[in-house]
Amino acid sequence: QLQAFGGGLVQAGASLRLSCAASGRTLVTYSMGWFRQAPGKERDFVAAIASRWSGGSTTYAESVKGRFTISRDNAKNMVYLQMNTLKPEDTAVYYCAAGGGVSVTARGYDYWGQGTLVTVSS
């Protein structure tokens, strides 16, 4: 089971770090992704990181490139999303997901956590 947390209400320009914890599952063998879903919109890809065995490479959506950083701490079984210079359009529920390989589509992931809400005010 995955659980995303760390969301909140911040002003534009602020930073937040989201965390994704796993229970009953070791994340080290999985590629991990972050997605977000704004009200009335589809779930969109944000960032992904390959498993350690696959080199740990990262991939980002163009809209967050240069502002967001995905990372993982395999020893702690955690994945993070550092979000800097937040914009109102980043407002969404953020989800973490685990899958067999890096994918920019939701169907590429097998396990999903409950989301955490990020609200960015202007």
Side-chain angles (χ1 to χ4, degrees):
Q1 183 174 356
L2 302 176
Q3 178 67 54
F5 56 96
L9 172 63
V10 297
Q11 290 187 329
S15 298
L16 274 177
R17 188 177 80 156
L18 304 184
S19 301
C20 177
S23 59
R25 190 177 303 277
T26 300
L27 297 182
V28 65
T29 61
Y30 291 93
S31 291
M32 300 297 298
W34 284 96
F35 287 75
R36 65 187 181 185
Q37 188 166 18
K41 296 188 177 181
E42 296 185 349
R43 191 169 296 189
D44 291 331
F45 170 75
V46 175
I49 185 167
S51 68
R52 184 177 68 182
W53 318 122
S54 298
S57 60
T58 57
T59 304
Y60 297 93
E62 284 298 322
S63 60
V64 307
K65 198 172 291 184
R67 299 188 298 123
F68 291 11
T69 303
I70 187 172
S71 62
R72 63 193 305 161
D73 186 331
N74 292 319
K76 295 183 178 180
N77 212 31
M78 297 283 290
V79 178
Y80 305 100
L81 184 68
Q82 178 67 43
M83 305 186 296
N84 298 329
T85 319
L86 282 162
K87 304 175 181 179
E89 51 263 43
D90 294 319
T91 295
V93 176
Y94 284 72
Y95 299 89
C96 61
V102 171
S103 176
V104 299
T105 62
R107 66 178 61 186
Y109 295 86
D110 303 309
Y111 307 100
W112 291 82
Q114 291 183 325
T116 185
L117 176 63
V118 173
T119 303
V120 185
S121 63
S122 57

Engineer: In Å, rounded to the nearest 0.5 Å, how long is the span from CZ of Phe5 to CG of Leu117?
Structural biologist: 16.0 Å

Engineer: Would a 4.5 Å heavy-atom cut-off, applied to side chains only, mark Arg36 and Val118 as touching?
Structural biologist: no

Engineer: With ring centroids as reference points, do Phe35 and Trp112 lie under 6.0 angstrom apart?
Structural biologist: yes

Engineer: With a 4.5 Å limit on heavy-atom distance, are the side chains of Val104 and Thr59 in contact?
Structural biologist: yes

Engineer: Tell me whether the count of non-hydrogen atoms from other residues, nucleotides or ligands lying under 6.0 Å of CD in Glu89 goes above 12.
Structural biologist: yes

Engineer: Do Val79 and Cys96 touch side chain to side chain, with heavy atoms closer than 4.5 Å?
Structural biologist: no

Engineer: Rounded to the nearest 0.5 Å, what's the gap from CD on Gln114 to CG on Leu2? Could you check?
Structural biologist: 10.5 Å

Engineer: Rounded to the nearest 0.5 Å, what separation is found between the CE atom of Met83 and the OG atom of Ser15?
Structural biologist: 9.0 Å

Engineer: Which pair of heavy atoms, one from Lys41 and one from Gln37, lies closest together, and at what distance?
Structural biologist: O-NE2, 3.1 Å

Engineer: Report yes if the side chains of Met32 and Leu27 come closer than 4.5 Å at any heavy-atom pair, otherwise no.
Structural biologist: yes

Engineer: When hydrophobic residues are tied together by side-chain contacts of less than 4.5 Å, even through go-betweens, does Ile70 share a cluster with Phe45?
Structural biologist: no

Engineer: Evaluate Tyr30 against Ile49 for side chain to side chain contact (heavy atoms under 4.5 Å, CB included), listing each step before the verdict.
Structural biologist: CA-CA 9 Å; Tyr30 291 93; Ile49 185 167; over 6 Å; no

Engineer: Supply the atom-to-atom distance Gln3 CD to Ser19 OG, rounded to the nearest 0.5 angstrom.
Structural biologist: 11.0 Å

Engineer: Measure across Tyr109 and Gly33 and return the closest heavy-atom pair with its distance rounded to 0.1 Å.
Structural biologist: CE2-N, 3.6 Å

Engineer: For residues Asp90 and Val120, report the shortest heavy-atom separation together with the two atoms involved.
Structural biologist: CB-CG2, 4.3 Å

Engineer: Go through Val102 and Ser31 one step at a time and tell me if the side chain to side chain contact (heavy atoms under 4.5 Å, CB included) criterion holds.
Structural biologist: CA-CA 6 Å; Val102 171; Ser31 291; 3.8 Å; yes

Engineer: Under 4.5 Å between side-chain heavy atoms, hopping through other hydrophobics if needed: is there a path connecting Tyr80 to Leu18?
Structural biologist: no

Engineer: What is the distance from atom OG1 of Thr58 to atom CZ of Arg72, rounded to the nearest 0.5 Å?
Structural biologist: 11.5 Å

Engineer: If you take all heavy atoms of Pro88 and Ala12, which pair is closest and at what distance?
Structural biologist: CD-CB, 4.1 Å

Engineer: Check whether any side-chain N or O of Arg107 sits under 3.5 Å from a backbone N or O of Ser103 as a donor-acceptor pair, and report yes or no.
Structural biologist: no

Engineer: Report the distance from atom OH of Tyr94 to atom CG of Leu81, rounding to the nearest 0.5 Å.
Structural biologist: 7.5 Å

Engineer: Any heavy-atom pair between the side chains of Asn77 and Val28 that's under 4.5 Å?
Structural biologist: no

